[in-house]
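Just the heavy atoms: all of them, side chains too, but no hydrogens, waters or symmetry mates, feed the values below.
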Amino acid sequence: MMLRDARGQKGWTQEQLAAELGTSQSAVARMEQGKQNLSLKMIQRLEAIFGQSIVQLGKSQMTHLRVEGGRTLSGSVDVNTSKNAGVALLCASLINRGTTTLRRLARIEEVNRIVEVLTSIGVDCTWLNDNDLQIRRPASLDLGSMDVEAARRTRSVIMLLGPLLDEVAEYRLPYAGGCDLGTRTVEPHMQALRQFGLSVEATAGFYTVQAPALDSYDRSFVLTERGDTVTENAIMAAAHRGGTTIIRNASPNYMVQDLCFYLQRLGVEIDGVGTTTLKITGKPSIDVDIEYFPSEDPIEAMSLITAGIVTNSEVTIRRVPMEFMEIELAMLEQMGQRLEVSGEYMARNGRTRLADVTTKPSELHAPADKIHPMPFPGLNIDNLPFFAVIAGNAEGQTMIHDWVYENRAIYLTELNKLGAHVQLLDPHRIYVNGPTRWRAAEIGCPPALRPAACLLLAMLAARGVSELRNIYVIERGYEDLAERLNTIGARIEYFQD
C-alpha cells in the first residue's frame, strides 16, 4: 500500500514505474499487493526513486481473496510453466558449474523459498526480468549458512540431497515442510540415496547428512515407491556420479521428464525418458552455460479447465500439455463435458506436446465408476481434487478415491460450506452428490494446495460474494491465479485485514 501511495503521489502508472525499474507491470502489481519478495537493493532503489521510505517493517499480514461468483467466463488464458518441474530444475542447477538460465519460470512462493535457500548458501540467483532466472553457483557452497526458515516452509528442500550428494563430507538439512497431507515419509528418498552410499540420520529438527566416498561404480536398483520427487532425487544423484545407474520403477511423470531433458542438455546420457526404467550415465564434472524452458503445468491446466466447467462457460485454455492430460480429458468427456481440442504443437523445450482446449457449456452426469488416480500415464494424483468440484455440477453420485494422501479427502468436505453435498466415507474416499446449487460463503484456506484451489474455483460458481482467507498455500503453487482468472471474466480482488 505504501508503494502504491508513493507511486500515486508521483503520478506514475504501474507501467511507468516498471519501466523505471527495468521490470514488468505485473511485477510492480505484485509488489503493491505485498506478494513480491523485495531485495534490499530493490528497496534502496525504490526509496531513491520516491525520496521516501516505502517499506514498513512489522508482522506480515495475511492475504485473502474476495470473489463475486455466478459470473459466466469467456476468452482465453495461457497455462504457465510447471511448479514441480521448476522446483526440480532449481535443485538440479547445483550440479552445473556453469550458468543456468531458466526461462519463464513460475514465480510462485514455492520457487521463492527454494531461491532463498539457494541464495543463503552462496548461489547467485538473478531475475533477468519478470520470469527468467539466472543461476550461478560458487565453487564451494556455504551449507552452514542455509536459511532454515525458508527451508522449513517447503517440502522440496529434501530434493537437495541428490544434487549435494558429495558436496561436503557432512552437513545438516532442515526437516521439510509444505502442505499438511498426512505423514509423507522421507524413507523412500533415503532408500534410493543409500544406493549411492549416502548416510542420513534424523536428529532434532534436522537431517545430518554424511557424504559417500567418490566412486565410478555401475549400480542398479528398484524404487520401492514410484514417487516423483524420489525419482528426481535418484536421477540427480546419478547425473553427477561416474558409471551407469539403472533405476527401475521410476516415475515417468511430467516433472521427471523435464528434469531429464535439462540434464540431457548438460551432457548427461539418459535412456528411457517417459518410461519406468531409466539408464543414466553420469558426468562427474559439468560446466555448461545453458538456458532451458520448463514445460507447461498439467495441474494448472486442469485448474483452468475446471474454472470453465464449473461456471458452465466457453473458455479456451491454451498450451495444455496433452501427454499428461489425456486421461483427465477422456474422463470429462465420459461425464458429458463437451471439449474442443486444437491441433498439437511443441512446447518451448522442444519435447512436450501442447494443444488448446476449449470448454463448452454442458450437462454433466456422474461417471459409471469411481474416479481415482494412478501413476503416470494414469489420472494425475494432483488433478483428482478438481473432479470433486466438477462432480458437484454433475447429476448423480460420484465416488472419488484419493488413496495416496491420508487427509486430503477430508479437506474437500469444505466444499459443503459452498452448498456442495460431499459425504466423507473414510480418510481416502468421498461421495459427491450433484448437481449443486452453489452459494457464497467465507472459508479459511485448508493447509493443502489443491483443495484450497478447489474452494476458489467453486466460489466462481457461487452466486454472491465469497471470501477465501489466508491464501498463502495457493500462492505456493500458482502464479497470479486470481488475476489470470480475472482476464477471462472472473471478479476476484485481494484484501488484507
Under 3.5 Å, side chain of [X] to main-chain N/O of [Y], donor-acceptor pair present?
{"X": "R71", "Y": "G489", "answer": "yes"}
{"X": "H372", "Y": "L384", "answer": "no"}
{"X": "N349", "Y": "D258", "answer": "no"}
{"X": "H64", "Y": "L468", "answer": "no"}
{"X": "Y345", "Y": "R319", "answer": "yes"}
{"X": "R7", "Y": "W12", "answer": "yes"}
{"X": "S295", "Y": "T352", "answer": "no"}
{"X": "R338", "Y": "P361", "answer": "yes"}
{"X": "Q337", "Y": "K360", "answer": "yes"}
{"X": "N380", "Y": "D382", "answer": "yes"}

Any side-chain donor-acceptor pair under 3.5 Å between [X] and [Y]?
{"X": "E110", "Y": "T154", "result": "yes"}
{"X": "N131", "Y": "R107", "result": "no"}
{"X": "N486", "Y": "E483", "result": "no"}

Of [options], which meets side chain to side chain contact (heavy atoms under 4.5 Å, CB included) against [X]?
{"X": "I410", "options": "V422, L424, D402", "result": "L424"}
{"X": "E328", "options": "L379, I390, I371, V320", "result": "L379"}
{"X": "R429", "options": "K370, Q423, M399", "result": "M399"}

Cation-pi check, R152 onto F206 ring (under 6.0 Å, within 45° of axis): yes

Parallel, tilted or perpendicular, as decided by the 30° and 60° cut-offs, for the rings of H428 and H401: perpendicular

Y262 and Y292 aromatic ring geometry - parallel, tilted or perpendicular at 30°/60° bounds: perpendicular

Just how far is it from atom [atom1] of [X] to atom [atom2] of [Y], taken to the nearest 0.5 Å?
{"X": "T100", "Y": "L90", "atom1": "OG1", "atom2": "CG", "result": "9.5 Å"}
{"X": "E479", "Y": "R104", "atom1": "CD", "atom2": "CZ", "result": "11.0 Å"}
{"X": "R469", "Y": "Q496", "atom1": "CZ", "atom2": "CD", "result": "11.0 Å"}
{"X": "L118", "Y": "M146", "atom1": "CG", "atom2": "CE", "result": "8.5 Å"}
{"X": "S466", "Y": "K417", "atom1": "OG", "atom2": "NZ", "result": "12.5 Å"}
{"X": "L102", "Y": "D132", "atom1": "CG", "atom2": "CG", "result": "9.0 Å"}

Over 12 non-hydrogen atoms of neighbours within 6.0 angstrom of CD in E149: no

Quick one: side chains of residues 298-311, donor-acceptor pairs under 3.5 Å with protein atoms, not counting sequence neighbours, listed by atom name and distance.
{"unit_1": "E300", "atom_1": "OE1", "unit_2": "R484", "atom_2": "NH1", "d": "3.3"}
{"unit_1": "E300", "atom_1": "OE2", "unit_2": "N80", "atom_2": "N", "d": "2.6"}
{"unit_1": "E300", "atom_1": "OE2", "unit_2": "R484", "atom_2": "NH1", "d": "3.2"}
{"unit_1": "E300", "atom_1": "OE2", "unit_2": "R484", "atom_2": "NH2", "d": "2.7"}
{"unit_1": "S303", "atom_1": "OG", "unit_2": "I299", "atom_2": "O", "d": "2.8"}
{"unit_1": "S303", "atom_1": "OG", "unit_2": "Y478", "atom_2": "OH", "d": "2.7"}
{"unit_1": "T306", "atom_1": "OG1", "unit_2": "M302", "atom_2": "O", "d": "2.7"}
{"unit_1": "T311", "atom_1": "OG1", "unit_2": "A307", "atom_2": "O", "d": "2.7"}
{"unit_1": "T311", "atom_1": "OG1", "unit_2": "G308", "atom_2": "O", "d": "3.4"}
{"unit_1": "T311", "atom_1": "OG1", "unit_2": "S313", "atom_2": "OG", "d": "2.8"}

Least distance between heavy atoms, I430 atom then A409 atom: CG2-O, 3.8 Å

Contacts table for residues 432-446: side-chain donor-acceptor under 3.5 angstrom, sequence neighbours left out:
{"unit_1": "N433", "atom_1": "OD1", "unit_2": "Q397", "atom_2": "NE2", "d": "2.9"}
{"unit_1": "T436", "atom_1": "OG1", "unit_2": "G392", "atom_2": "O", "d": "2.8"}
{"unit_1": "W438", "atom_1": "NE1", "unit_2": "N393", "atom_2": "OD1", "d": "2.7"}

Y254/F376 under ring pair (Phe, Tyr, Trp, His ring centres under 6.0 Å): CA gap, chis, key distance, verdict: CA-CA 8 Å; Y254 63 97; F376 177 80; 8.7 Å; no

